[in-house]
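These notes are about the structure you will find just below.
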Amino acid sequence: MNNEKLMIIDGNSIINRAFYGLQGKQLLSTSDGLYTNAVYGFINILYKYLEEENPEYLCVAFDLKAPTFRHKEFEGYKANRKGMPPELAMQMPVLKDVLDAMNIVRLEMEGYEADDIIGSVSVCAESVGMQVVIVTGDRDSFQLVTDATRVKMPTTRAGKTETDEYDKARILEKYGVSPSEFIDVKGLMGDPSDNIPGVPGIGEKTALDLIRSFGSIENIYENIEKVTKKGIREKLEKNRDMAALSKRLAAIDCAMPEICKVVDLRRRDFDRERLYDLFKRLEFKKLIEKFGLGEQQSEALPVVQKEIAVIDDLDGLKLLKNKIISSDHCAVVYLLDKEDGFKKSLAGAAFCWAENESAYVSLKSGYQLTDVKYIEESAFLDEFRDVLEDPGIKKYGHEMKDFILYLKRKGIQLKGLDFDTMIAAYVINPSKETYRISELAQQYLAVNIGSIEELSGKGKAFVSFFNMELGKISSAAGLYAEALFKLIKPVGEVLEQNGQRELYYDIELPLIEVLADMEYRGFKINPGYLKEFSAELEEKISALTKGIYDMASEEFNINSPKQLGVILFEKLGLPVIKKTKTGYSTDAEVLEQLSDRHEIISLILEYRQLVKLKSTYVEGLLNVINPETGKIHSSFNQTVTVTGRISSTEPNLQNIPVKLEMGRKIRKVFVPSDESFVLCDADYSQIELRVLAHITGDENMILAFENNEDIHATTASQVFGVAKEEVTSLMRGRAKAVNFGIVYGIGDFSLSKDLGITRKEARRYIDGYLEKYPGVRQYMHDIVQQGKEGGFVATLFGRRRYLPELKSSNFNMRSFGERIAMNTPIQGSAADIIKIAMVKVYNELKSRGLKSRLVLQVHDELIIEADRSEIEEVEGILKESMEGAASLKVPLSVEVKTGSTWYETK
DNA sequence: GCAGTCACGC
DNA sequence: GACGTACGTGACTGCA
């Protein structure tokens with residue numbers, strides 16, 4: 001067995017290290033309500049050492065329970081070491097599961113500590129000529145008497161571990177004692193962290209001196225009269241028993257009964273399926289990748305296969321229709337392919353109208369394989385129109401907004417939408433990155449139906465639905481529909497248990513139609529003005545470019561922060577204000593500080609502003625104008641933000657410039673569909689602060705809103721302790737920033753940056769604020785507590801956000817969690833309210849048969865293009881629906897402005 | 001393709 | 001002294 005390597009992992013010390021040291025965000029998992037960060041850290045480290053050392057033999061040593069038990073055998077000795085933190089204890093069974101799945105032998109034995117096991121196994125292994133490597137996190141576990149190499153895991157940071165080799169010689173040199181002497185020293189001076197009491201009053205230096213001259217604790221007591229210092233001798237005599245006990249505690253028992261045969265520790269392969277299941281459950285995505293378990297995904301749970309009936313003629317379609325009608329509900333899976341830039345066509349649709357009863361409708365497309373039978377898209381839509389438009393037939397689906405939009409373009413109004421699993425999954429947990437049917441099926445039904453990505457392929461391997469083999473596509477779509485059908489019940493039950501029925505059925509579900517309609521309606525653009533503006537920008541940019549090149553006396557790419565950095569900080573020698581990961585920082589904050597050092601700076605700032613306008617807004621908008629409608633049809637996403645807000649893409653209409661006049665001009669290109677319309681822009685005034693006043697019940701703040709005061713001025717007068725008339729604009733500005741900070745949950749750090757003051761001053765402002773609004777202070781405290789206890793915080797309407805960060809032992813991570821806990825109910829409730837208002841406005845416009853339609857939402861603002869004859873009515877609907885969306889302890893206030901471009905409505 | 005930097009909104 | 005600092009989307013560079 002010569003030269004074979006045995007690696008022994010000191011389980012207890014490393015998991016402790018991992019628990020206290022590795023507290024990165026990526027280490028937290030919310031699944032099962034477990035905080036499995038230590039497990040993650042441990043496995044991460046273990047994997048690293050396995051790769052580096054590649055040992056033939058391997059084991060992990062654990063204490064059987066809290067590490068104090070062995071010491072309790074000793075009468076009169078009270079254990080002082082803290083037990084294992086409960087969160088960590090909770091994680092131990094999970095860790096053991098993972099180790100078992102990795103087929104790694106765990107060693108533990110009643111009456112012995114991990115150190116004893118390590119010692120005994122090391123001695124054994126060395127006796128048969130093995131090389132032993134011990135991976136440990138403990139600083140002091142080197143008093144082992146073997147020749148093992150110790151790989152210490154010293155400081156760890158999130159996602160990063162460093163190795164440090166400690167050989168015996170270096171350790172002993174550091175302490176200047178031999179291994180056996182070390183135990184005596186430790187016995188004399190004690191080590192509270194390791195539960196060794198020692199002789200009271202004897203410190204490190206005295207202990208070292210004593211052991212150097214006497215050799216061992218036993219020798220000291222045999223020659224106690226030779227200890228000349230009287231105080232020391234007295235202490236030694238008085239604590240003779242303690243010294244003996246402490247020595248025994250400090251010594252590692254290398255002669256424990258055989259716990260295993262070394263040959264049994266030969267490494268075995270991981271149980272990959274089991275490991276994958278575990279990591280998947282724990283949401284250890286990075287580890288799945290690292291361990292190469294990703295491609296095993298389909299093997300973890302076998303992909304379900306099923307032959308699905310394919311409908312490819314009108315007779316079959318009619319039969320299907322009758323089955324659906326008599327069942328009065330069905331799950332729908334639609335397969336949309338992009339035909340060209342804007343048009344989407346239906347490649348097929350699957351329906352499931354009863355458990356395990358489904359069919360796939362094969363539809364026509366321009367690219368479809370020639371040997372496939374199919375039904376014309378229009379024939380299908382004609383046949384199914386009454387089913388789709390019948391509110392009595394309930395429809396279940398996933399991501400139904402796109403389907404609704406598609407149908408709208410075909411002149412069909414989908415009615416009876418009763419469940420959208422994607423939206424439901426988002427309501428249950430808005431922090432997820434994806435909401436795929438296949439994931440929901442895994443989670444709720446424990447079946448693997450394969451993901452859409454696997455079906456379609458990626459990059460070059462991508463195959464559109466049109467070009468897919470019929471058997472493959474019908475099977476996948478049919479299974480999706482069947483899964484959807486089965487998902488309604490369990491997912492609905494979770495909503496029920498969470499008290500989120502109303503949030504789901506009254507707010508989110510009806511909102512799908514509203515968003516689809518906004519996308520369908522689109523926002524009309526004045527392309528002439530856009531081009532004009534583009535030319536104006538182009539002219540200014542080229543003048544600026546020339547000026548910048550002149551001042552730099554060379555041409556370079558101003559858009560490249562890297563090249564710009566070289567010019568500013570190397571060529572022109574300007575002082576470096578801050579650095580980024582890759583080099584000099586050149587952001588606006590830095591440039592502003594440099595602005596009086598060189599005249600090139602102001603040109604660069606202006607250049608940046610104009611280039612942003614031109615590329616993102618002017619060219620960005622030109623690229624997304626639909627040639628058929630002359631409008632832009634942004635996508636509104638309902639499942640992206642963690643707070644409940646809606647997001648907008650392609651283009652993002654929620655960040656059109658407004659602050660600076662130059663940028664604001666872009667709003668002139670946003671116009672109504674035609675001259676018969678105008679734009680009505682309705683804005684909530686301070687909705688977040690009003691929500692804050694309501695949630696906290698702070699009387700001071702409620703009063704301010706009831707009296708319709710200028711809230712920032714009022715805050716300023718209260719925080720700075722001056723009369724309202726004496727509030728200066730500077731004071732108001734600062735109060736506004738503090739209000740802003742409270743609403744967005746920023747900390748003193750960000751506030752200090754915003755105001756250009758020190759962090760301390762920022763802290764003072766925040767404290768002063770909480771002083772004046774005691775209700776807010778109380779709330780901030782309570783909500784964090786609540787979040788910690790329940791694991792989540794909720795909005796007024798029951799939207800949740802889970803916050804594992806609150807339990808982090810990392811200060812910053814925890815502070816982050818705390819700020820989120822304070823902010824999410826505020827921002828999220830405001831998001832709830834405007835969603836309610838949107839549904840109300842939409843229904844009101846429809847039921848009154850008006851021509852006016854919602855076209856945009858920007859977080860606290862709704863925009864309607866109103867028929868000129870309906871302006872007053874629309875203004876009334878907006879004001880009433882929005883102000884009446886929720887009844888809070890303070891009134892909601894809405895301001896409506898009308899204009900012929902978006903620019904004019906401010 | 002991807003990460004990094006920068007900039008716009010609420 | 002750690003650590004990175006509300007929520008989003010998009011354009012651009014520079015590297016693989």
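Predicted model only: the values in this text are computed from it and were never measured. These values consider heavy atoms only, across backbone and side chains, with no hydrogens, waters or symmetry-generated copies. Lettering follows sequence order; numbering is per chain, from 1.
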Quiz item: Between A:Lys562 and C:dC12, is there a side-chain N or O to OP1/OP2 distance below 4.0 Å?
Solution: no
Quiz item: Is the phosphate of C:dG14, meaning OP1 or OP2, less than 4.0 Å from a side-chain N or O of A:Gln563?
Solution: yes
Quiz item: Just by distance, do the side chain of A:Thr715 and the backbone of A:Ala735 share a donor-acceptor pair under 3.5 Å?
Solution: no
Practice problem: Tell me whether the OP1 or OP2 atom of B:dC8 has a side-chain N or O from A:Thr616 closer than 4.0 Å. | Solution: no
Practice problem: Could you tell me whether A:Arg664 contacts a base, only the sugar-phosphate backbone, or nothing, with contacts defined as non-hydrogen atoms closer than 4.0 Å? | Solution: nothing
Practice problem: Would you write the dot-bracket representation of DNA chain C, where each base gets (, ), [, ], | or . depending on whether it forms a Watson-Crick or G-U pair under 3.5 Å and with which partner? | Solution: ......|||||||||.
Exercise. Under 4.0 Å between any heavy atoms, over every strand shown, what does A:Glu619 touch: base, sugar-phosphate, or nothing? Just pick one.
Key: nothing
Self-check item: Under 4.0 angstrom between A:Asn557 side-chain N/O and C:dT13 OP1 or OP2
Solution: yes
Quiz item: Between A:Ser634 (side chain) and A:Thr649 (backbone), is there a donor-acceptor pair under 3.5 Å?
Solution: yes
Self-check item: Donor-acceptor pair (no angle test) under 3.5 Å: A:Arg645 side chain, B:dC10 base
Solution: yes
Quiz item: Does A:Phe749 have A:Arg759 sitting over its ring (NZ/CZ under 6.0 Å from centre, angle to axis within 45°)?
Solution: no
Quiz item: So, is A:Lys612 near the phosphate of C:dA11, with a side-chain N or O under 4.0 Å from OP1 or OP2?
Solution: no
Practice problem: Decide yes or no for A:Leu862 and A:Ile864: does some side-chain heavy atom of the first lie under 4.5 Å from some side-chain heavy atom of the second? | Solution: no
Exercise. Respond yes when some side-chain nitrogen or oxygen of A:Thr582 is under 4.0 Å from OP1 or OP2 of B:dT5, and no when none is.
Key: yes
Practice problem: For the pair A:Asp748 and A:Arg764, find out whether any cationic side-chain nitrogen is under 4.0 Å from an anionic carboxylate oxygen. | Solution: no
Practice problem: Please state how far atom CG in A:Asn559 lies from atom P in B:dC6, giving the value in whole angstrom units. | Solution: 12 Å
Exercise. Using a heavy-atom cut-off of under 4.0 Å over every strand shown, decide if A:Thr824 touches base, sugar-phosphate, or nothing.
Key: nothing
Quiz item: Between A:Asp698 and A:Arg777, does at least one N-O distance fall below 4.0 Å, as a salt bridge requires?
Solution: no
Quiz item: Is any side-chain nitrogen or oxygen of A:Ser585 closer than 4.0 Å to OP1 or OP2 of B:dT5?
Solution: no
Quiz item: CD of A:Glu589 versus P of C:dT5: gap in Å, rounded?
Solution: 14 Å
Quiz prompt | A:Lys581 NZ to C:dG14 P, straight-line distance once rounded to whole Å | solution = 18 Å
Quiz item: Once you round it to whole Å, what is the distance between P of C:dA11 and OH of A:Tyr617?
Solution: 10 Å
Quiz item: Is the shortest distance from a Lys or Arg side-chain nitrogen in A:Glu538 or A:Lys614 to a carboxylate oxygen in the other one below 4.0 Å?
Solution: yes
Quiz item: How is A:Val743 classified with respect to the nucleic acid when contacts are heavy atoms under 4.0 Å: base, sugar-phosphate, or nothing?
Solution: nothing
Quiz item: Are a donor atom and an acceptor atom from the side chains of A:Tyr769 and A:Asn739 found within less than 3.5 Å of each other?
Solution: yes
Quiz item: Whole Å only: how far is the CZ atom of A:Phe816 from the P atom of C:dA6?
Solution: 7 Å
Practice problem: Mind checking A:Asp587 for me? I need base, sugar-phosphate or nothing, with any heavy atom below 4.0 Å counting as a touch. | Solution: sugar-phosphate
Quiz prompt | Rounded distance (Å) that lies between atom P of C:dG4 and atom CD of A:Glu818 | solution = 17 Å
Exercise. Please check the phosphate of B:dC6 (OP1 and OP2 only) for any side-chain N or O of A:Thr586 closer than 4.0 Å.
Key: yes
Quiz prompt | Cation over ring face, A:Lys668 and A:Tyr903, 6.0 Å, 45° | solution = yes
Quiz item: Would you say B:dC8 has OP1 or OP2 under 4.0 Å from some side-chain N or O of A:Arg608?
Solution: no
Quiz item: Within this structure, what is the CD-to-P distance between A:Gln654 and C:dG8, rounded to whole angstrom?
Solution: 11 Å
Exercise. Name the nucleic acid region contacted by A:Val611, choosing base, sugar-phosphate or nothing; use a 4.0 angstrom heavy-atom cut-off, strictly under.
Key: nothing
Quiz item: Between A:Asn655 (CG) and C:dG8 (P), how many Å, whole number?
Solution: 14 Å
